[in-house]
Amino acid sequence: MCDSHTEKSVIRSEKLNLYYGENHALKDVSLDIPAHRISALIGPSGCGKSTFLKTLNRMNDLVPGVRIEGQVLYKGQDIYGKDVDVTGLRKEIGMVFQKANPFPMSIYDNIAYGPRTHGIRSRARLDEIVERSLRDAAIWDEVKDRLNKSALGLSGGQQQRICIARALAVEPQVLLMDESTSALDPISTSKIEELAMELKNRYTVIMVTHNMQQALRISDYTAFFLLGELVEFGDTQTIFSRPAHKRTEAYITGRFG
Amino acid sequence: MAGLREAGERSPVGEAAVAPALKRARALRALREAGEKAMNALFLLCGLVAVAFVLIISVYLIISGIPAIRQVGFANFFFGTDWDPANKSGNPAYGILPMILTSIYGTAGAIVIGVPIGFLMAVFLSKVARPGPAAVIREVVDLLAGIPSVVYGLVGMMVLVPGIRQLFGLPAGDSLLAAVIVLAVMILPSIISVSETALDAVPKEYEEASLALGATELETYFRVSAPAAKSGIAAAVVLGVGRAIGEAMAILMVAGNVANLPGLLKSVKFLTTAIAGEMSYAGGLHRQALFSIGLVLFLFIMLINALLRLFLKKSGKEGN
Amino acid sequence: MEEKNLSISRGLSSRRRAYDLGMRALLYSSALLVCALLVLLMGYILFKGIPHLSWQFLSSEESVIKGIEGILPALINTLYVVIATLIIVLPLGVGSAIYLTEYAANKKLVSAIEFATETLSGMPSIIFALVGVMVFCQFMSLGTSLLAGAFSLVMMTLPTIIRTTQESLKTVPQSYREGSLALGGGKWHMVRTVVLPSSVDGIVTGCILAVGRIVGESAVLMFTAGMGMRLAKYGDTPVEFFESLFDSSGATLTVALYNYAKERADFNSAFAVAVVLLVIAFLINIAAKLTGKKLKKR
């Protein structure tokens, strides 16, 4: 179906079905996500792209009445399998949310929260992790003098980069971004886009976006979802220039959405 | 009525004919406006009743509380360790330090026991319990809140006091410890419900972020949700302090009512129980001194109310 | 490639597992503790009190000659105080709430009233007792009487009535008010026809909560309404009712309980009164839930 097979895959879903009570929200989604690339999930609202994203770190487990069939393999292991520890999984697969949600604590404590949770106590280690994460999230220079101030005092774009830094601090392999720029102004958005392109060298980035220009600008692969089905997945350039399906073409040319 | 007026204004020619009707309408309107004004004033008066009550309370307590302090002497009154108004050799002493300390210790003890239990209970209700059991437990808490304080006092008298006497081998079990336990139980419902409200108001996004970092649910509740609700929880603690320091009847029944400097197993007298226990027979300076104690208690409570207001305001902001 | 991935199946470190387990145990045990507390408390009181509860106990006056205990006077006194307090506090509280939500334009005045209401609701009852003695018993020369008790309790219950009425007034849609005003009826007309009828639920809830506080109150009534355990004279007509409020004094249920327990060491009667108080508290709880639910639905 696409040339992603030639790449090393990190997450693969196989015939994934998800139900919210009676509502069949994901239908037979099989998708192979290549490592160290940015994959964008696009589609109209309610198409299941966000739901799919949240199956990858099992955040859907929190929704009452949710039922999942099929498999999601992370490095070959089914993450819905019996011997999987959800906390370990979520450490490996980090998430940045639509709305910046830093904790009501200092910037330092926000970043150190994850490592502390996972058992790192040494102050020196934590200092090092905080600085590295903030640098990786391209916000170190802006906040290095105010690490002990509340994270809620920052601008929306800065808060979102703090959230990215917080996610990076637990050293994930994969970063899920759920419309993480949709609430931001264009300048903050482009900063985060640049950041995402930097990050793909070390992480696998999977992002849900409403913004097709964004998908075209920064993603290597694009998956198009419609009504809970994966319509098409492939190289972003190909999807946007020569989509294989009429429905994809209709969506990206703006005929519905 | 409006139509009438317009007609009158538009055609001055017909004024003579319309005049009586117009007059009547005007009179009616004036009457109605007077009525509206009267109602407005009446409601304003009702509104001012609460203010009047607070003024009356403050003024009366100050007026009747100050004379005894003056007569006994500020230092003797507040720092004197002897409370002996009915001294037989004619040397009455009016030092309220034992009562102040007892009230503080007793309240602190009730907080030390009641707050952790109340807080854990609130976390349980707000985050862990399923809706069914949570509703049942809320009913239980409401029932505890509705039990009159004399009933708590009675049970304390019959269960706690003999229990403490036996456990510690004392001649009498009436003690600060018994009072502390009774107070802890009595403040539980308010601590639980105020903390639960605060925990419920913590945005889901904080908890999701924590879970997505690989924290467990309990780690999330205690390390993210609880700190995020800290002002509301502080308000719960302050409310508990206010309840504990103001309670009189229940602890009057279990504390023994001797004005000792506080000790956990000693018979003690609180600010409130001094008033409640001695008011019925006190006269002269003794009675005035009880009013002074009332004034001291009032000042404590006003301070606590101010703190409570502060925390509730802060917590309201956090909720947004 | 298909080897097991250790990092996602390793599970929690032993330290984190211990934390998780420990905290969960704490949460459940605190819940268990509070529930057990209520069950034991209730069970103990019922166990000790029910055997001494009889129709005679409820329906007669105590008599040393006949050798019987009876709490009829306390029941009647409680009822008197409840009714008298409500009659006074309701118009004041409802009027105050109406002023705050419908009339008040002056922000400073509103915050003064709200401050006063909060202050009253945080005031311990022993303070109301002291002030009640000074103001109503002495200054207004009502003496130790049910009426002085009722006045003192008005101070205590006023915030409850104001708050619940205000809450229900806030649920009245603004469009109703505008609709009524647009018809040219004037503000009082609007309040009478639109606002008041829809605040009935709130007022009823307030009354129930106030009754709960009055029935449970002891310190205030002990000093302002008296501790007598004998039947006072009560009138048959409303006028006589009020007249008797002035000159009769006596213990309500809670004060009677205190008397039995602390002054007479008659614990059997004390527990029997406690059972009566528990039953009332239980009924009030249910009633408040029912009306409160109705209020929430709107």
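Predicted model, so just to flag it, every value in this text is computed and none were measured.
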For this session: Check for a donor-acceptor pair, side chain of Ser30(C) on one end and backbone N or O of Leu27(C) on the other, with a separation under 3.5 Å.
Result: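 At least one qualifying donor-acceptor pair exists.
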
Exercise. When the ring planes of Phe151(C) and Phe136(C) are compared, do they come out parallel, tilted or perpendicular, using 30° and 60° as the limits?
Worked result: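 Aromatic pair Phe151(C)/Phe136(C) classed parallel.
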
Using heavy-atom distances under 4.5 Å, tell me whether [X] contacts chain B through its side chain, its backbone, both, or neither.
X	result
Ile45(C)	side chain
Phe223(C)	side chain
Met222(C)	side chain
Ile280(C)	neither
Pro91(C)	backbone
Val133(C)	side chain
Ala270(C)	both
Leu100(C)	neither
Leu26(C)	both
Ile284(C)	neither
Asp20(C)	both

For chain B, which of [options] has the most heavy-atom pairs under 4.5 Å?
options	answer
Tyr28(C), Tyr99(C), Phe271(C)	Tyr99(C)
Lys262(C), Arg213(C), Glu217(C)	Lys262(C)
Leu130(C), Leu120(C), Leu92(C)	Leu130(C)
Leu37(C), Leu38(C), Val131(C), Leu12(C)	Leu38(C)
Val215(C), Val135(C), Leu253(C)	Val135(C)
Gly95(C), Ala261(C), Gly216(C)	Gly95(C)

Exercise. Which bit of Asp142(B) comes within less than 4.5 Å of chain C, counting heavy atoms only: side chain, backbone, both or neither?
Worked result: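 When you check distances to chain C, atoms from both the backbone and side chain of Asp142(B) fall under 4.5 Å.
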
Exercise. Are any non-hydrogen side-chain atoms of Tyr258(C) and Glu263(C) less than 4.5 angstrom apart?
Worked result: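 SC-SC contact between Tyr258(C) and Glu263(C) confirmed.
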
Exercise. With the threshold set at 4.0 Å, does a side-chain nitrogen-carboxylate oxygen contact exist between Lys289(C) and Glu139(B)?
Worked result: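 Salt bridge between Lys289(C) and Glu139(B), a charged N being under 4.0 Å from a carboxylate O: yes.
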
Problem set entry | Glu102(C) with Lys187(C): basic N within carboxylate O range, under 4.0 Å |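 Salt bridge flag = no for Lys187(C) with Glu102(C).
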
For this session: Take Thr220(B) and Ser210(B) through the test side chain to side chain donor-acceptor pair (under 3.5 Å) and record every step on the way to the result.
Result: CA-CA 6 Å; Thr220(B) 301; Ser210(B) 167; 2.8 Å; yes

Nearest heavy atoms of [X] and [Y], plus distance in Å:
X	Y	value
Asp174(B)	Val161(B)	N-CG1, 3.5 Å
Gly93(C)	Ile162(C)	O-CG1, 3.7 Å
Ala122(B)	Glu196(B)	CB-N, 3.7 Å

For this session: Could you tell me whether Arg223(B) atom CZ has more than 12 heavy atoms of other residues or ligands within 6.0 Å of it?
Result: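 More than 12 heavy atoms, drawn from other residues, nucleotides or ligands, come within 6.0 Å of this atom.
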
